[in-house]
Amino acid sequence: MSWIGDFWRSTLGKKAVMAVSGIVLFGYVLLHMLGNLKLYFPQYAEGEHAGEFPLNVYAGWLREMGAPLLPGEGALWLVRIVLIVAVVAHVWAAWQVSRASWRARPRPYEKVDRVEADYASRTMRWGGVILLLFVIYHLLHLTTGQAHTDFVPGDVYHNVVAGFSVWWVSAIYIAANLALGLHLYHGLWSMFQSLGWSHPVWKPWRRYFAVAFAVVVTVGNVSFPVAVLTGLVG
Ligand code: HEM
């Protein structure tokens, strides 16, 4: 079984941990953005949920999914556990890979000659730290409400609209989501590199794919605070 330990300790193993946890986190941000598009849907006119906002009905469903097989919020907690494990693994692998590269070059280059990969990995490290801070703020703002001045438990539509009506809150979200876009782009691109998909035939497609996915998630997420600030929603 020592090959597992060897793989875990190798740079390739750490990059694999980063890629797999990155795919999980990437899948989450994509689904989260798609789910949040319900912010644009008007209140139900009739039926069981008449008068309710689809975003709130969807949020209620997320809490109940898996019932009655699983106890209250059971499936949601399973998703949360997978996310927490993915974040810890991703940060751990990033830290290990960064440490290895600092050890390989303890003193900075005398002549500042920054190649693209060097620039990208620095952006990834800073971007990662910014995203971690943003996620902590975001949870306190829209999940638990301590960082929200007018939080109503269960009324997700209200919490989002009231939250983004404060211009500087929207500014934080827009800046963090632009950082997320860069992180997704560089992350996807370098994941393909680690996987060895560098054949000339694939190279341009790799970039198009990374750009397309980063742009879709970023445009979707940035649109929410912009829609509230411009009065399109609310
Ligand atoms: C403008 C963009 C975003 C909006 C409007 C938004 C909205 C929300 C809302 C309303 C909740 C609470 C849902 C509920 O209580 O049912 C939530 C939870 C959450 N969001 Fe976001 N979000 C955005 C961006 C992001 C980003 C970029 C990330 C990750 C990098 C993220 C990660 C999370 C996480 C981890 C939760 C907690 C889910 C849970 O455990 O219940 N969100 N978001």
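Computed from a predicted structure; not experimentally measured. Whatever order the structure lists ligands and atoms in, that order sets their numbers, starting from 1. Position 1 is the first residue of the sequence; numbering continues from there.
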Pairs under 3.5 angstrom, nitrogen or oxygen on both sides, ligand 1 versus protein: list them out, please.
from, atom 1, to, atom 2, distance (Å)
ligand 1, 15 (O), Arg63, NH2, 3.3
ligand 1, 16 (O), Arg63, NH2, 3.1
ligand 1, 20 (N), His32, NE2, 2.9
ligand 1, 20 (N), His138, NE2, 2.8
ligand 1, 22 (N), His32, NE2, 2.8
ligand 1, 22 (N), His138, NE2, 2.8
ligand 1, 40 (O), Arg80, NE, 2.6
ligand 1, 41 (O), Arg80, NE, 3.3
ligand 1, 41 (O), Arg80, NH2, 2.8
ligand 1, 42 (N), His32, NE2, 3.0
ligand 1, 42 (N), His138, NE2, 2.9
ligand 1, 43 (N), His32, NE2, 2.8
ligand 1, 43 (N), His138, NE2, 2.7

*I would like to know whether Phe164 and Tyr173 meet ring-ring contact (aromatic ring centres under 6.0 Å, His included); could you show each step before the answer?*
CA-CA 9 Å; Phe164 291 162; Tyr173 272 81; 4.7 Å; yes

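The environment of CD in Glu46 is sparse: at most 12 heavy-atom neighbours from other residues, nucleotides or ligands sit within 6.0 Å.
Nearest heavy-atom pair across Val24 and Val82 is CG1-CG1, 3.9 Å.
In the hydrophobic clustering (ILVMFWY side chains linked at under 4.5 Å, chained through shared members), Leu78 is joined by Leu70.
Taking Ser170 as the reference, nothing meets the side chain to side chain donor-acceptor pair (under 3.5 Å) condition, with sequence neighbours excluded. In terms of the side chain to side chain donor-acceptor pair (under 3.5 Å) criterion, residue partners of Gln193 (sequence neighbours excluded) are, by chain and number, Arg206.
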